Amino acid sequence: MADTYDTLLIERHADGYAVVTLNRPEALNALNSALFTDLAAFLDAVEHDDTVRCLILTGSGDKAFAAGADIKEMADQTYAEMYRGNFFAHGHDRIVRFRKPIIAAVNGFALGGGCELAMLCDFIVASDKAKFGQPEINLGVAPGIGGSQRLTRLVGKSKAMDMVLTARMMDAAEAERAGLASRVFPHDQLLDETRKIAARIAAQSPLAVMANKEMVNAALETTLTQGVQFERRLFHSLFAFEDQKEGMTAFIEKRKPDFRGR
Ligand code: HXC
C-alpha cells in the first residue's frame, strides 16, 4: 500500500501497529494545513484496515514532537479566512472520530497545537527530554485545537491556567506527575518502548480495544451515572463477540488467546 505523504512518514509494522512521524523537521514539525490534510487522509486509509490496530504518533528529528501550529502560515490570516475555513476543525474532528488507539510518543517540544495534538491522542508517553506548553499567549492568541479544554481536564484548572497565562513549559517529570503523560522513558528508548506498548494493544481483541477506548472517552463527556450505564451496556455487548469466548477460554485452558476481531 502506498503511504506517501509530503508531511508524514508512515511505517507499518507486522505486529499490527503503524508509526506515523510528523515530518517537517526544518520547522520543528510545526502543524500546517497540509499536515492535517495528510493525517486525516491516513486515518481514513487505516480506519477499516485490520492490519493496523494501533497507531504511534511521534515527531521527526531529535528536538520536537511539534512546536505548534505553523506560525508562518497563520500570521497573515484574516478573521474571515479563519472562520470560513474553520481552521484545523477538520483535522481535529477526524482524530476525535478515529476508533483505534493513538499513542503520542512525545520526543521533545510539544507546544501549542503540538501539545493539543498530543492530547488528542489516547494517551501520551514522553521522552525525559519532552517539554509541554501552551505558549500561544506569547503570540497574542490562545489555544485553538482543544487545548484549553483538554489540558484543564487532564491536569486540573490550576496548572492549566498557570500554563496558558504564563506560557511556561512543563518538563516530562511534571507532566507525568500531573497526569498529562502516562509514562516517561529515557529519550533514546522512547520509540522502542512505545512500540512494545503498541504491539501489546494490537495483540488484543480489536473489538475490546475499541470498546475500552469508547468507555474511557465517555468519562469526559457524561455524568458518572450515565457513564457507568454506558459502560455496563457496552460490557454486556462484548459477550456477543467470539473474542470474548476466545479470551476467557484461553485463560481457562492456560494458553494465549487468538483474537480475530469477530
Ligand atoms: C512555524 C516554527 C515554529 C512554529 C519553530 N519554527 N516553531 N515555524 N511555526 N510554531 C521554526 C523556526 O522559525 C525556525 O525556522 C525553526 O523552526 C527552528 O526553530 P528555532 O526557534 O530556531 O529553534 P530553537 O531556538 O531551538 O527554539 C525552539 C522553540 C521555538 C522554543 C520550540 O522554536 C519556539 O518557541 N517555537 C514556537 C512555539 C510556539 O509559540 N508554539 C505555538 C504556536 S501557536 P528557521 O526558518 O528560522 O530556521 C499554536 C496555535 C494552535 O500552536 C491553535 C491553532 C488553531
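Predicted, not measured: the structure shown is a model, and the values here were computed from it. Whatever order the structure lists them in is the order used to number ligands and atoms, beginning at 1.
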Exercise for the section: Can you establish whether the number of heavy atoms outside M161 located under 6.0 Å from its atom CE is more than 12? Expected result: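 Result for CE/M161: open.
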May I ask you to list the atoms of ligand 1 that are less than 4.0 angstrom from any heavy atom of [X]?
X	answer
K63	23 (O), 24 (P), 26 (O)
L111	32 (C), 38 (C)
G144	53 (C), 55 (C)
P135	39 (C), 40 (O), 41 (N)
F109	28 (C), 32 (C)
E116	51 (C), 53 (C)

Between [X] and [Y], is any side-chain donor less than 3.5 angstrom from a side-chain acceptor?
X	Y	result
N29	S60	yes
Y17	R195	yes
T51	D49	yes
T249	E246	no
N107	S127	no

Between [Y] and [X], does any NZ, NE, NH1 or NH2 come within less than 4.0 Å of an OD or OE carboxylate oxygen?
X	Y	result
D243	K245	no
R94	E47	yes
D15	R200	no

Could any protein non-hydrogen atom be found less than 4.0 Å from [atom]?
atom	result
atom 27 (O) of ligand 1	no
atom 41 (N) of ligand 1	yes
atom 52 (O) of ligand 1	yes
atom 48 (O) of ligand 1	no
atom 15 (O) of ligand 1	yes

Problem - Non-hydrogen side-chain atoms of K159 and M170 separated by less than 4.5 Å - result: yes
Fill in the blank from the handout: Closest heavy-atom approach to atom 37 (C) of ligand 1 among G112, G91, A67, G68 is made by A67
Counting only nitrogen or oxygen atoms and a 3.5 angstrom limit, does [X] reach ligand 1?
X	value
G113	yes
A69	yes
A30	no
I145	no

Identity and separation of the nearest protein heavy atom to [atom]:
atom	value
atom 9 (N) of ligand 1	I71 N, 2.9 Å
atom 21 (O) of ligand 1	L28 CD1, 5.0 Å
atom 11 (C) of ligand 1	A27 CA, 3.9 Å
atom 46 (O) of ligand 1	K72 NZ, 3.4 Å

Practice task
Any chance you could lay out the side-chain contact (heavy atoms from CB on, under 4.5 Å) test for V46 and F98, step after step, and finish with the verdict?
Solution key: CA-CA 9 Å; V46 293; F98 191 64; 3.9 Å; yes
Problem - Separation of M119 CE from L151 CG (nearest 0.5 Å) - result: 5.0 Å
Practice task
Find the distance between CD (Q244) and CG (L238) and round it off to the nearest 0.5 Å.
Solution key: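 Output value for this atom pair is 8.0 Å.
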Problem - Region of L139 engaging ligand 1 - heavy atom pairs below 4.0 Å - result: side chain
Handout entry: Sub-4.0 Å heavy-atom contact, Q134 with ligand 1
Key =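 False for this residue.
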